[in-house]
Amino acid sequence: MTETGLAVTTEPVPILLKVGMQRVEEHAEWPLLSQVPMRLMAAIPVTGFKVRDLLRLKAGQVVTSAWASTEDVPVKVGAVQLSWSEFEVVEGRMAVRLTRLA
């Protein structure tokens, strides 16, 4: 509970679609829900990587993983997978390109 007496949760809240509704954008609360910020995560597991390895990283250093470069990387919000993606470099910065939706 917060000071205002409202319960706060970090659990995903399902958006229930009304009968006949086919898209979440048709929901009456969509204008508000579409503005809620959320953190997306696209992660590749790197086994054996430790904090000390992170602290020793240098510019241009490559970290290897067992993830196949041909496999798409899942994109999630919390525990909910939204899409798949691939990493690429754009103008010298790491980027994530969505390849398909979940």
Side-chain angles (χ1 to χ4, degrees):
M1 290 285 208
T2 64
E3 291 176 11
T4 60
L6 297 174
V8 177
T9 180
T10 57
E11 295 299 313
V13 178
I15 299 172
L16 301 176
L17 299 180
K18 295 179 183 173
V19 175
M21 217 183 256
Q22 297 195 7
R23 297 171 45 118
V24 71
E25 292 88 350
E26 297 172 7
H27 195 283
E29 298 300 324
W30 180 248
L32 175 64
L33 292 170
S34 67
Q35 300 300 312
V36 175
M38 59 186 72
R39 181 170 295 188
L40 296 176
M41 181 179 74
I44 295 176
V46 181
T47 57
F49 195 77
K50 297 179 176 43
V51 172
R52 88 170 155 243
D53 300 324
L54 177 66
L55 296 173
R56 292 179 183 165
L57 280 177
K58 294 184 176 30
Q61 187 174 348
V62 175
V63 176
T64 59
S65 78
W67 196 268
S69 62
T70 57
E71 285 188 51
D72 287 346
V73 178
V75 176
K76 297 180 178 184
V77 172
V80 178
Q81 183 171 343
L82 299 177
S83 65
W84 286 265
S85 65
E86 60 189 14
F87 290 108
E88 78 177 55
V89 177
V90 176
E91 297 178 8
R93 299 184 74 185
M94 182 64 78
V96 174
R97 177 193 307 268
L98 295 184
T99 56
R100 57 192 159 114
L101 296 176

- Taken to the nearest 0.5 Å, the spacing of Leu101 CG from Gln81 CD works out to 10.5 Å
- Query: Which distance, rounded to the nearest 0.5 Å, do you find between the CG of Asp72 and the CG of Leu98?
  - Reply: 10.0 Å
- Where do Ser34 and Pro31 come nearest, in terms of heavy atoms and distance? OG-O, 3.1 Å
- Task: To the nearest 0.5 Å, tell me how far Glu86 CD sits from Thr70 OG1.
- Result: 11.0 Å
- Item | Shared hydrophobic cluster for Val46 and Phe87 (ILVMFWY, side-chain gaps under 4.5 Å) | no
- Message: To check you understand the geometry: which heavy-atom pair defines the closest contact between Pro45 and Ser65, and what is its length?
- Response: O-CB, 3.5 Å
- Task: Please lay out, stage by stage, how Trp84 and Val73 fare under the test side-chain contact (heavy atoms from CB on, under 4.5 Å).
- Result: CA-CA 5 Å; Trp84 286 265; Val73 178; over 6 Å; no
- Donor-acceptor contact present, side-chain Ser83 to main-chain Val75, <3.5 Å: no
- Arg97 CZ to Thr99 OG1 distance, which is reported to the nearest 0.5 Å: 9.5 Å
- Query: Would a hydrophobic clustering, with Ile, Leu, Val, Met, Phe, Trp and Tyr connected at side-chain separations under 4.5 Å, put Ile44 with Met41?
  - Reply: no
- Within one Ile-Leu-Val-Met-Phe-Trp-Tyr cluster: Trp67 and Met94, side-chain cutoff 4.5 Å: yes
- Item | Hydrophobic cluster membership, Val96 vs Val89, 4.5 Å side-chain cutoff | no
- So CG of Leu55 and NZ of Lys50: to nearest 0.5 Å the spacing works out to 13.0 Å
